[in-house]
Protein chains: 2
Amino acid sequence: MSLKHILLGMLANPASGYDLKKDFEYSLSNFWNAELAQIYPTLGKLEQDGLISSKVQPSSQGPNRKVYKRLKAGQNELTNWLKQGPIIPKMRIGYAAQFSFLQELNYEERLEFVYALQRDTKKRLAVLQKFVELYPLPGAEKQSEHFSTKQEKEAYALQALVIHHGLLRLQALLDWCDLAIAQMKAIK
Amino acid sequence: MSLKHILLGMLANPASGYDLKKDFEYSLSNFWNAELAQIYPTLGKLEQDGLISSKVQPSSQGPNRKVYKRLKAGQNELTNWLKQGPIIPKMRIGYAAQFSFLQELNYEERLEFVYALQRDTKKRLAVLQKFVELYPLPGAEKQSEHFSTKQEKEAYALQALVIHHGLLRLQALLDWCDLAIAQMKAIK
DNA sequence: TCGACCATGTAACTAGTTACATGATTCG
DNA sequence: CGAATCATGTAACTAGTTACATGGTCGA
């Protein structure tokens, strides 16, 4: 199960299941997501396996929190996972499958399908753009000098790059929408 | 379950479960895949639901084939699905999650991670390129005039576009690999 | 005759989703 | 006082994967 390793990675700093869910909802959701109903049992398994440990702490606002931290065994498991090389996802791109069946619809319905995809992509791009502004790539501008330690520079660069990955992906999709609309109009 | 609808879409022409698996392995695998162990039961459910029907036919080479064809109810189900608009996949991009944890590895290991991703992407791009050659976009060249009926032109254009979608996606990923390698070297 | 491919299926398991259950605090 | 947010969990279900079982045909 990949989520085990993802949570292990996210636990660079101690956090509760609820905290981790928040992380998914923000920037992380561009490349992974998980529901609380999956996070809690998975944290339980990680603890059983001795990869993380938990400590109950009072919350400033609400019931007690169960804060997890990564153990040495968890650290090892994580680096081993990373050393096994990049995991190429099995593609399940629903809209692309649907697109290849668009002959079943008429001209207007087909175009509307692609317009809807375009609108959705623009919306998601607008959300991402805010993160891109928070994490501009080092080089072009003068940021990154803000960071004193090498650790901080590295952390910043990785964050910025992963956000940029989402950006390139969404831009490529938008380009494709334009192409599809043009082609579909051309053969009308 | 999306696979139900995908199979329904793929059954524009009658086919057996084995045939459909072949379709996944070729061009389709760029945006969807399914194993035979999932295809056979799903075809069974579709038949139970009265969306497709089957007929056992002798094979020229091997045991009897169970050939399915789409019924009117299946056609309706398919168009309703398409009219509900594009399905935006929940992203589960393993390598991107891993990338955001690369601080756990040292410089050489991190670079090797991205090089491995680059190699894999180039490989997949080379495979796709063969389909791109079979289905060049109409407009630039003189193909698509080969097709007499509007139906054929439309089918060709949709195929060409969906293949091009994969192309743009992989090219964006390659661009990102270059960017990541450059940035990571810059902050070494 | 052996391996590759044709062809269909079941069983056990893993991963992920949706719905439900519970209860505290904070802000308007 | 009601809605939003904090906080953790279970149960039932859906989707997908891996392993296993069976057996036919064709070509080297």
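Just so it is clear, the values below take in all heavy atoms, side chains as well, and ignore hydrogens, waters and symmetry mates.
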Undergrad: Checking side-chain hydrogen bond (donor to acceptor under 3.5 Å, both in side chains) between B:Glu77 and each of B:His5, B:Arg70, B:Lys4, which is the one that passes?
TA: B:His5
Undergrad: Figure out the CZ/C1' separation between B:Arg65 and C:dG9, and round it to whole Å.
TA: 16 Å
Undergrad: If you round to the nearest 0.5 Å, how far is OG1 of A:Thr42 from CG of A:Leu36?
TA: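 Output value for this atom pair is 11.0 Å.
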Undergrad: Give the minimum heavy-atom separation between A:Asn30 and A:Arg169, together with the two atoms involved.
TA: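 The pair with the smallest heavy-atom distance is O-NH2, 3.0 Å.
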Undergrad: For every nucleotide of nucleotides 16-21 of chain C, 5' to 3': is a protein heavy atom under 4.0 Å from its base (B), only from its sugar-phosphate (S), or from neither (-)?
TA: SBBB--
Undergrad: Measure up the A:Trp176 and A:Tyr95 rings against each other and bin them: parallel (under 30°), tilted (30 to 60°), perpendicular (over 60°).
TA: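 Correct class here is tilted.
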Undergrad: How long is the gap from CD1 on A:Ile6 to CD1 on A:Ile87, to the nearest 0.5 Å?
TA: 7.0 Å
Undergrad: Give, ordered by number, those residues of residues 39-61 of chain B having at least one heavy-atom distance below 4.0 Å to an atom of DNA chain C; if nothing qualifies, reply none.
TA: B:Tyr40, B:Ser59, B:Gln61
Undergrad: In whole angstroms, how far is the P atom of D:dA15 from the NZ atom of B:Lys4?
TA: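 Interatomic distance, NZ of B:Lys4 to P of D:dA15: 7 Å.
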Undergrad: For the residue pair A:Phe101 and B:Trp81, does the interplanar ring angle fall in the parallel (under 30°), tilted (30 to 60°) or perpendicular (over 60°) class?
TA: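 Plane angle between 30° and 60°, so tilted.
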Undergrad: Which pair of non-hydrogen atoms, one from B:Ala157 and one from A:Ile187, has the smallest distance, and what is that distance?
TA: CB-CD1, 3.7 Å
Undergrad: Can you see whether A:Glu25 engages A:Asn33 through a side-chain donor-acceptor pair at a distance of less than 3.5 angstrom?
TA: no
Undergrad: Does any residue of residues 9-27 of chain A have a heavy atom under 4.0 Å from DNA chain C, and if so, which ones, in number order?
TA: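 Those residues whose heavy atoms fall under 4.0 Å from DNA chain C, taken from residues 9-27 of chain A, amount to none.
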Undergrad: Counting C-beta onward and ignoring hydrogens, is there a side-chain heavy-atom pair between A:Val132 and A:Leu137 closer than 4.5 Å?
TA: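 A side-chain contact under 4.5 Å is absent here.
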Undergrad: Taking CG from A:Asn64 and P from D:dG9, how many angstroms apart are they, rounded to a whole number?
TA: 11 Å
Undergrad: Do A:Glu104 and B:Thr79 have side-chain N/O donor and acceptor atoms under 3.5 Å apart?
TA: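 The answer is no; no qualifying pair exists.
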